[in-house]
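The structure under discussion appears below in the form of structure tokens.
Side chains are part of it too, since the values below use all heavy atoms of this structure and drop only hydrogens, waters and symmetry mates. Every number for a ligand or one of its atoms is a count from 1 in the order of the listing. Residues take their numbers from the sequence shown, with the count starting at 1.
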Amino acid sequence: MTDVKRCALVIGASSAIAQALIDNLLLDDELQVYAVSRSFPADFSDRMLNQKKLNLIECEYNSAQINAIIEKIKATSLPCVKVFICNGMLHNHSFLPEKKIEQFSADIFQQVMHVNAVVPGLWLQQLITLLRHPLPCVVTVFSARVGSISDNRVGGWYSYRASKAALNMLVKTAAIEYARRAKNVRLIVFHPGTTDTKLSRPFQSNVAPEKLFKPEFVATQLLSLIKPLALENYVSDNKAAFIDWQGKKIEW
Ligand SMILES: NC(=O)c1ccc[n+]([C@@H]2O[C@H](COP(=O)([O-])OP(=O)(O)OC[C@H]3O[C@@H](n4cnc5c(N)ncnc54)[C@H](OP(=O)(O)O)[C@@H]3O)[C@@H](O)[C@H]2O)c1
């Protein structure tokens with residue numbers, strides 16, 4: 001513990017990709033990791049039982065609870081150098097993404113919009129005071145290629161597409177303000193590619209095996225893409241980058 005000099009924050013840590021990120025981050029002796037979730041899967045909590053460099057924090061993602069987490073991390077005085085906002089919803093036990101406009105529903109749209117855009121927006125709102133420090137910091141927000149307005153060729157998935165497009169605009173707008181108020185921060189909007197998680201499970205049958213990524217692969221790719229030298233390829237001070245798992249730019 002005495003070696004710890006910085007910290008990282010992983011939000012939405014029940015995600016399989018988030019858990020693979022945490023495994024990687026814990027390899028850095030100098031990094032304390034804060035993981036936030038509504039509820040941690042038992043197998044993950046059990047596996048992490050003796051990890052002294054990991055704090056598991058439960059959160060319902062309302063402003064008060066988010067603020068309490070920000071204040072808790074501030075109180076450690078550890079500069080937070082990496083943040084990952086992994087939350088995302090495509091379907092749940094009661095709905096699947098829309099195939100046609102008749103399936104569009106105000107209730108589903110609001111649920112999806114809340115998870116995919118409002119929750120990350122609340123974090124971006126409160127992170128700005130935590131992340132303003134002398135060290136470089138990267139915030140990665142998980143979006144999806146289908147949130148690209150110019151890349152929309154096949155349609156469908158109205159709520160998911162619209163909510164990820166809204167998320168992208170929130171991050172792009174925040175990057176302009178962060179450039180004034182937290183100049184050390186870079187914002188990345190990230191598309192992981194189709195990855196074998198709960199989110200993609202109902203849609204995996206049409207995906208070629210080599211195009212269905214393991215969460216561990218995506219986590220390794222992302223961590224190499226946010227290294228300082230790699231970052232220079234696609235991100236500048238007041239512009240968020242929208243990139244995929246290979247580091248290729250995606251059109252907004
Ligand atoms: N898997 C893919 O093929 C794929 C493709 C493109 C983009 N993505 C994006 O990648 C990110 C990670 O997804 P994943 O594939 O790892 O999915 P996953 O394993 O299903 O994880 C779901 C994530 O969404 C959060 N979440 C779910 N319901 C929520 C709710 N009601 N309120 C707040 N948070 C909620 C979870 O947070 P808790 O820890 O709090 O439960 C968790 O972070 C998502 O943003 C997703 O849209 C995934």
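- For F142 and F84, the ring centers are positioned 6.0 Å apart or more.
- Within the 4.0 Å heavy-atom shell around ligand 1 one finds A13.
- Distance from atom 27 (C) of ligand 1 to its nearest protein heavy atom, with residue and atom name: R38 NH2, 3.3 Å.
- Close approach of ligand 1 to G88 is summarised as follows: ligand atoms under 4.0 Å from at least one heavy atom of the residue are 22 (C), 23 (C), 24 (O), 25 (C), 27 (C), 44 (C), 45 (O), 47 (O).
- Taking distance alone, with nitrogen or oxygen atoms compared against 3.5 Å, K164 approaches ligand 1 more closely than that limit.
- Considering Q221, R145, H191 as possible partners of D244, the one that fulfils the side chain to side chain donor-acceptor pair (under 3.5 Å) test is R145.
- The atoms of ligand 1 that sit less than 4.0 Å from any heavy atom of G12 are 37 (O), 38 (P), 39 (O), 42 (C), 43 (O).
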Donor-acceptor pairs under 3.5 Å, side chain of residues 8-19 to any protein atom, not counting sequence neighbours: which ones?
{"unit_1": "S15", "atom_1": "OG", "unit_2": "I17", "atom_2": "N", "d": "3.1"}
{"unit_1": "S15", "atom_1": "OG", "unit_2": "A18", "atom_2": "N", "d": "3.0"}
{"unit_1": "Q19", "atom_1": "NE2", "unit_2": "A13", "atom_2": "O", "d": "3.2"}
{"unit_1": "Q19", "atom_1": "NE2", "unit_2": "S14", "atom_2": "O", "d": "3.1"}

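- Crowding of E251 atom CD: a count of heavy atoms from other residues, nucleotides or ligands under 6.0 Å not exceeding 12.
- Among all non-hydrogen protein atoms, the one lying nearest atom 34 (N) of ligand 1 is N87 ND2, 3.0 Å.
- No salt bridge links K5 with D3; every basic N to acidic carboxylate O contact stays at or beyond 4.0 Å.
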Salt bridge (Lys or Arg N to Asp or Glu O under 4.0 Å) evaluation trace for D28 with K53: CA-CA 10 Å; D28 181 345; K53 290 197 304 94; over 6 Å; no
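- E30 places no side-chain N or O within donor-acceptor distance of the main-chain N or O of R6, the cut-off being under 3.5 Å.
- Listed by number with element, the atoms of ligand 1 under 4.0 angstrom from any heavy atom of A16 are 16 (O), 19 (O).
- Residue G193 approaches ligand 1 through these ligand atoms, each under 4.0 Å from one of its heavy atoms: 2 (C), 3 (O), 4 (C), 5 (C).
- Of the protein's heavy atoms, F142 CD2, 3.5 Å lies nearest to atom 10 (O) of ligand 1.
- Heavy-atom contacts of S37 reach the following atoms of ligand 1: 38 (P), 39 (O), 40 (O), 41 (O) (cutoff under 4.0 Å).
- Using a 4.0 Å cut-off to heavy atoms of K198, the atoms of ligand 1 that qualify are 20 (O).
- Counting non-hydrogen atoms of other residues, nucleotides and ligands closer than 6.0 Å to NZ of K239 gives a total of 12 or fewer.
- Ranking the protein heavy atoms by distance from atom 9 (C) of ligand 1 puts S143 O, 3.6 Å first.
- Nearest protein neighbour of atom 16 (O) of ligand 1, counting heavy atoms only, is S15 OG, 2.7 Å.
- Distance alone, capped at 3.5 Å, places no donor-acceptor pair between the Y158 side chain and the F109 backbone.
- With rounding to the nearest 0.5 angstrom, the CG atom of L54 is 10.0 Å from the CZ atom of R47.
- Residue V119 places every heavy atom at 4.0 Å or more from ligand 1.
- Residue-level proximity to ligand 1 for L199 is carried by backbone and side chain together, each with a heavy atom below 4.0 angstrom.
- Proximity annotation for atom 33 (C) of ligand 1: of F213, Y61, W245, Y61 comes nearest, heavy atoms only.
- Of the possible polar contacts, one joining the N184 side chain to the L135 backbone as a donor-acceptor pair under 3.5 Å is found.
- Side chain of Y160 to backbone of V112: no donor-acceptor contact under 3.5 angstrom is found.
- At a heavy-atom cutoff of 4.0 Å, ligand 1 is contacted by the side chain of T197 but not by its backbone.
- Within the 3.5 Å criterion, the main-chain N or O of V171 finds no donor-acceptor partner in the side chain of N168.
- Between S14 and ligand 1, an N or O atom pair is found at a separation short of 3.5 Å.
- The part of Y160 lying near ligand 1 is the side chain, judged by heavy-atom distances below 4.0 Å.
- Interface of A144 with ligand 1, defined as ligand atoms under 4.0 Å from a residue heavy atom, comprises 6 (C), 7 (C).
- Of the protein's non-hydrogen atoms, the one nearest atom 2 (C) of ligand 1 is T195 N, 3.6 Å.
- Near C86, the atoms of ligand 1 lying under 4.0 angstrom from a non-hydrogen atom of the residue are 11 (C), 12 (C), 43 (O), 44 (C), 45 (O).
- Of the protein's heavy atoms, P192 CG, 3.6 Å lies nearest to atom 8 (N) of ligand 1.
- In this structure, Q32 and V4 approach most closely via the heavy-atom pair CB-CG1, 3.7 Å.
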